[in-house]
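Notes to accompany the following structure.
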Number of protein chains: 2
Amino acid sequence: MSDYKIKFYKCDCNVIHEEIVNMVKGKMPPEENLYNLAELFKAFGDTTRMRILWALAESEMCVCDIAVLSNMTVSAISHQLRVLKQARLVKYRKDGKIVYYSLDDEHILSSTMG
Amino acid sequence: MSDYKIKFYKCDCNVIHEEIVNMVKGKMPPEENLYNLAELFKAFGDTTRMRILWALAESEMCVCDIAVLSNMTVSAISHQLRVLKQARLVKYRKDGKIVYYSLDDEHILSSTMG
DNA sequence: ATAACATATGAACAAATATTCATATGTTAA
DNA sequence: TTAACATATGAATATTTGTTCATATGTTAT
């Protein structure tokens, strides 16, 4: 009875509903999945990136165009495009010295952003 | 010809495709909408909050239970629940000294999180 | 080759955020 | 009423993140 608490020594409270906690624990996805999903949402969680994505939903655009549209520096846009690229939300193609960005997976975006 | 550039003096580049920029600009949602949408995604963009939401998708839980499940302090969980509450993703009911949290809008969550 | 340009990138800085710690509030039990 | 408890909250701290600045890379035009 007193060693009941000891199972949860890392928490600063008593378990109120052990059955529910165990049931829910059994249904939780692996930590890595939670992390990856949160990272994906994080990519959408910034006004600048949201603006870029919305713009690219209309048309492929080069970095300079996106900067003008956003009224921000090319450098700032380039940094954010890297984040979006790492999240696989945008892809790019090069044409000479110009780099054109577009949505990477139109399917994910159209179902997520409506 | 030279005053063409001057329209975009706030950017450190030349407009490559003015037509596209203007077309896209006309289709962009108001800044406030972009901001609000980004804020919503931001609420999902943290592993701790994602874990809480996933847990609450299984069952209503009290703060202490969530802390045990998450292996985090009650205080940390309470702070994050406040963020989720402000984003209207969770709601709560009080029963004595225990506060039970649950998903606020099952519809939004089920369509967003699958 | 050199200059001009589009973009990328690393470092520095500023701002936002997550967690901890101490403490406050409100409820139940003694 | 006092003690124990569940939760909330403000301040402090540590970490993360967004932007700027300087500079690098690679391409085109001269």
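So you know, we letter chains A, B, ... as the sequences are listed, proteins then strands, and number each from 1.
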Between D:dA8 atom P and B:Ile66 atom CD1, what is the distance in whole Å?
-> 9 Å
Using whole Å, report how far CD of A:Gln80 lies from C1' of C:dT7.
-> 15 Å
Are A:Phe44 and B:Val83 connected in the hydrophobic side-chain network, where two residues link if heavy atoms are under 4.5 Å apart?
-> no
Between the base of D:dT7 and the side chain of B:Ser75, is there a donor-acceptor distance below 3.5 Å?
-> no
Residue whose nearest DNA chain D nucleotide is more 5′ - A:Asp95 or A:Ala76 = A:Ala76
To the nearest Å, how far apart are A:Ile77 CD1 and D:dG18 C1'?
-> 11 Å
Can a donor-acceptor pair under 3.5 Å be found between the side-chain atoms of A:His79 and the base atoms of D:dT20?
-> yes
Would you state whether a donor and an acceptor, one from the side chain of A:Thr73 and one from the base of D:dC21, lie under 3.5 Å apart?
-> no
same_hphob_cluster(A:Leu56, B:Ile20) at 4.5 Å side-chain heavy-atom cutoff = yes
Any side-chain N or O of A:Lys42 under 4.0 Å from OP1/OP2 of D:dT17?
-> yes
Rounded interatomic separation in angstrom, taking CD from B:Gln86 and C1' from C:dA16 = 14 Å
Would you classify A:Tyr101 as touching base, sugar-phosphate or nothing, given that sugar-phosphate means primed atoms plus P, OP1 and OP2, and contacts are heavy atoms under 4.0 Å?
-> sugar-phosphate
Can you tell me how far CG of B:Asn36 sits from CD of B:Glu31, rounded to the nearest 0.5 angstrom?
-> 11.0 Å
Of all the choices, C:dA8, D:dT20, C:dT19, which nucleotide is nearest to the side chain of A:Val63 once you look at every atom?
-> C:dA8
Would you name the heavy atoms of B:Ala55 and B:Met61 that are closest together and state the gap between them?
-> CB-SD, 4.0 Å
Does A:Thr48 place a side-chain N or O at less than 4.0 Å from the phosphate oxygens OP1/OP2 of D:dT19?
-> yes
Nearest whole angstrom, please: distance from the P of C:dA8 to the NZ of A:Lys94.
-> 7 Å
Atom-pair distance (NZ on A:Lys97; P on C:dA8), nearest Å | 14 Å
Take atom OH of A:Tyr35 as the centre, draw a 6.0 Å sphere, and report whether it contains more than 12 heavy atoms from other residues, nucleotides or ligands.
-> no
Would you say A:Arg49 reaches D:dT17's phosphate, i.e. side-chain N/O to OP1/OP2 under 4.0 Å?
-> no
Value in whole Å for how far the C1' atom of D:dT9 lies from OH of B:Tyr92 | 14 Å
Whole-Å distance, A:Asp46 CG to D:dT16 C1', equals 13 Å
